[in-house]
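Below is the structure I would like to discuss, written out as structure tokens.
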Amino acid sequence: MKNKIAILFGPEGGNTERVTQLVANKIGNDKCTVIPVNKVTPETISEFNSFIIGGSTIGTHNWSIANSSHDWDVFLPEFRKMDFRGKKVALFGLGDHLAYPNNFVDGMRTIYNVLVENNATIVGQCKTDDYEFNESEAVVDGKFVGLPIDEDFEDDLTENRIDKWLNTFINKL
Ligand SMILES: Cc1cc2nc3c(=O)[nH]c(=O)nc-3n(C[C@H](O)[C@H](O)[C@H](O)COP(=O)(O)O)c2cc1C
């Protein structure tokens, strides 16, 4: 069992990857291992106890495999089979609160549902107070299931949001 935090992310090459690197830098690159979801196997999950998992919301269809090549579309069927019992997981999700105020970071909910189904302990939920949006599937019991990040219109807030968020759970991972 590795003592590090595994940061799993997708897709590669965009905002999610950049924010993933930022999160890794904040935690300390010696304390975490960054892995794109398309390289994640069941062994990856058994090797770590603590995870941070990130994705972006592309489309209101929420990653239906028929009409997207989003890395999460490809990974999701495998992800559904992975057992997270005894694992702690924090989530972050990229979204756009101005263009998609009724589906803000909905994709986080898809990941969350799989994790809960597969027995993960979720940490790092976020208050909704600091965000402007109408609706989000990623709100459960009045809180976001993870950290929303808007690189399209609020990139100036990203670093502070990450710092604040990490402080709420990093000692528990
Ligand atoms: C076609 C398309 C659909 C999108 N749909 C949503 C959405 O439903 N909800 C949301 O919050 N953001 C949505 N976004 C915004 C993206 O999540 C956002 O730009 C994100 O930073 C992209 O990250 P990536 O480059 O890692 O994919 C959408 C963007 C595109 C291009």
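Since the structure is predicted, the reported quantities are computational estimates derived from the model, not experimental observations. We count ligands from 1, going down the list as the structure has it; atoms in each ligand are counted the same way.
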Original post:
Pick from Glu159, Glu12, Glu151: which one makes a salt bridge (charged side-chain N to carboxylate O under 4.0 Å, His left out) with Arg18?
Top reply: Glu151
Subject >> Verify same cluster id: Phe153, Met108 (apolar side-chain graph, 4.5 Å) >> reply: no
Subject >> Flag, side chain of Tyr100 to backbone of Val105, donor-acceptor distance under 3.5 Å >> reply: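 Between the backbone of Val105 and the side chain of Tyr100 there is no qualifying donor-acceptor contact (under 3.5 Å).
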Subject >> Close-contact set for ligand 1 against Phe104 heavy atoms, below 4.0 Å >> reply: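 Checking each atom against Phe104, I get 11 (O).
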Subject >> Numbered atoms and elements of ligand 1 in range of Asn103, under 4.0 angstrom, heavy atoms >> reply: 7 (C), 8 (O), 9 (N), 10 (C), 11 (O)
Original post:
So, for Phe144 and Phe92, is the gap between ring centers shorter than 6.0 Å?
Top reply: no
**OP:** Closest by any non-hydrogen atom to atom 7 (C) of ligand 1: pick that one out of Thr57, Asp155, Asp96.
**Re:** Thr57
Original post:
Taking atom types as modelled, is there a side-chain donor on Asn134 or Asn102 under 3.5 Å from an acceptor on the other?
Top reply: yes
Original post:
If we only count heavy atoms from C-beta on, is the Val116 to Asn118 side-chain gap below 4.5 Å?
Top reply: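 They are not in side-chain contact.
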Original post:
With atoms numbered from 1 as shown, which atoms in ligand 1 lie under 4.0 angstrom from a non-hydrogen atom of Gly95?
Top reply: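 So the atoms of ligand 1 that pass are 10 (C), 11 (O), 12 (N), 17 (O).
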**OP:** Within a distance under 4.0 Å of any heavy atom of Gly14, pick out the atoms of ligand 1 and give their elements.
**Re:**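 Close to Gly14: 25 (O), 26 (O).
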Original post:
Is it true that Val105 lies under 4.0 Å from ligand 1, counting heavy atoms only?
Top reply: yes
Subject >> Part of Asp152 with heavy atoms under 4.0 Å of ligand 1, whether side chain, backbone, both or neither >> reply: side chain
